[in-house]
Amino acid sequence: SSIWTNVPQGPPDPILGISEAFKRDTNPRKVNLGVGAYRDDDGKPWILPSVKKAKEILINANLDHEYLPTEGLNTFRQAAALLAYGNCPEVAEGRIAALQALSGTGALRIGCAFISRFYPHNKIIYVPKPTWGNHKNIARDAGLEVREYSYYCPTKKGLDFERLLSEIDEAPRNSIILLHACAHNPTGQDPSHEQWAQIHEVITRKQHLAFFDTAYQGFASGSTDEDAYGLRYFVKEKSPVLLAQSFAKNFGLYGERIGLFTAVTDSSAETDRVVSQLKILGRAMYSNPPLYGARIVSTVLNTPELYRQWQQDLVTMSGRIKAMRSALVEKLKEKGSPHDWSHITNQIGMFAFTGLNAEQSQTLMTRNHVYLTLDGRISIAGLNTKNVEYVADAIETVTR
Ligand SMILES: Cc1[nH+]cc(COP(=O)(O)O)c(/C=N/[C@@H](CC(=O)O)C(=O)O)c1O
């Protein structure tokens with residue numbers, strides 16, 4: 001028998017497995033509302049005009065393919081940190097320790113590995129319930145204990161805010177609290193500005209450490225400043241934060257794996273020490289990060305004309321998503337659905353948390369060839385003017 005005889009078949013990923021099933025489906029009417037990847041009104045991946053222009057500039061620059069340093073491309077690291085934190089003393093005084101990462105997943109993994117090696121308290125991370133399907137895998141594989149805090153109330157179809165606060169309050173002092181900076185995945189429900197202040201109050205009182213995950217900055221509201229409100233509130237209040245940034249969605253650079261991990265430090269000397277340890281972690285995982293995505297994002301963020309174009313591209317994407325939310329709810333009404341679907345238009349970002357249960361979701365896939373995750377989450381980006389009626393019809397039928 002082979003060495004690997006006892007290796008069991010692993011289960012398909014709850015999110016990526018849906019795309020695999022979609023690809024296998026030969027029905028011409030099939031619709032993919034599974035993976036959170038933006039599509040234009042023709043259902044095609046969209047290369048942002050700002051990204052297209054940056055790629056042309058890079059082609060003509062005839063750049064080589066030398067290794068990046070482990071910390072990544074400096075012009076990217078600086079611009080990406082400035083995008084997240086805005087103009088603030090922390091940025092001006094060199095108190096942002098930054099490591100280019102393999103997209104948001106890589107930033108989360110490096111962050112959890114850094115916590116595992118250097119965090120001087122219990123290494124317990126609290127993630128929202130529900131949260132992005134991969135958060136637990138990443139934290140667990142980095143050796144952290146993973147717990148949950150209540151986030152969403154299915155009956156109210158909104159934040160379970162009182163329980164959220166009380167469960168963060170009950171967590172042991174110095175716990176790590178994972179927070180979605182904007183466009184909460186899968187619920188699409190974000191804290192209001194007042195609620196961010198209350199979340200900050202309980203986290204500070206218990207000396208917890210906030211670990212922000214921002215995978216949709218600018219993609220949610222269309223404004224990169226608005227989508228960074230929670231993060232910047234914590235930094236303004238001088239609370240410690242960690243941040244995992246993904247540029248997959250807001251730059252449409254999914255497969256280029258471009259992200260950034262940052263930690264706010266006490267001084268530029270402390271920044272240097274923290275970066276030196278992040279480099280040691282990165283070197284042992286993948287040695288140094290890929291060039292292309294960093295060069296594209298750096299070119300866009302550092303070229304005023306492209307930066308303005310990118311801000312427009314964000315409005316295009318967030319605008320189309322908002323329009324599809326309204327179109328879906330309208331069609332559901334037209335079809336005479338008795339249910340209140342207003343949560344679909346109240347939610348923000350890539351997803352709508354429809355409220356469909358696993359059985360209804362499964363039926364949507366097998367009978368209507370409409371693909372979604374079994375928790376009833378749909379990627380609004382998968383909707384367009386050609387398929388929204390068909391999807392509304394399927395949802396109305398399955399929820400009758
Ligand atoms: C909240 C959140 N954080 C991080 C990521 C990581 O993305 P990366 O490509 O590593 O930068 C994703 C991806 N979410 C979508 C895709 C996926 O599951 O990988 C999704 O939820 O469909 C998130 O939704």
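Order of appearance sets the numbers: ligands from 1, and atoms from 1 within every ligand.
The closest side-chain donor-acceptor pair between Ser192 and Glu194 falls under 3.5 angstrom.
Note that the CG atom of Leu209 and the NZ atom of Lys123 stand 11.5 Å from one another [nearest 0.5 Å].
Between His193 and Tyr229, the ring center distance clears the sub-6.0 Å criterion. You'll find the ring centres of Phe211 and Tyr119 outside the 6.0 Å limit.
Ring geometry, Phe114 versus Phe261: the interplanar angle falls from 30° to 60°, so the pair is classed tilted.
With respect to Glu270 and Arg273, a salt bridge is recorded, a charged nitrogen being found less than 4.0 Å from a carboxylate O.
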Are there any N/O pairs under 3.5 Å between ligand 1 and the protein, and if so, what are their distances?
residue  : atom   : partner : partner atom : Å
ligand 1 : 3 (N)  : Asp213  : OD1          : 3.3
ligand 1 : 3 (N)  : Asp213  : OD2          : 2.7
ligand 1 : 7 (O)  : Lys249  : NZ           : 3.1
ligand 1 : 9 (O)  : Arg257  : NH1          : 2.8
ligand 1 : 10 (O) : Gly104  : N            : 3.4
ligand 1 : 10 (O) : Thr105  : N            : 2.9
ligand 1 : 10 (O) : Thr105  : OG1          : 2.6
ligand 1 : 10 (O) : Arg257  : NH2          : 2.9
ligand 1 : 11 (O) : Ser103  : OG           : 2.6
ligand 1 : 11 (O) : Gly104  : N            : 2.8
ligand 1 : 11 (O) : Ser246  : OG           : 2.6
ligand 1 : 14 (N) : Trp132  : NE1          : 3.3
ligand 1 : 14 (N) : Lys249  : NZ           : 3.2
ligand 1 : 18 (O) : Trp132  : NE1          : 2.9
ligand 1 : 21 (O) : Trp132  : NE1          : 3.3
ligand 1 : 21 (O) : Asn185  : ND2          : 2.8
ligand 1 : 21 (O) : Arg377  : NH1          : 2.9
ligand 1 : 22 (O) : Gly36   : N            : 2.7
ligand 1 : 22 (O) : Arg377  : NH2          : 3.0
ligand 1 : 24 (O) : Asn185  : ND2          : 2.7
ligand 1 : 24 (O) : Tyr216  : OH           : 2.8

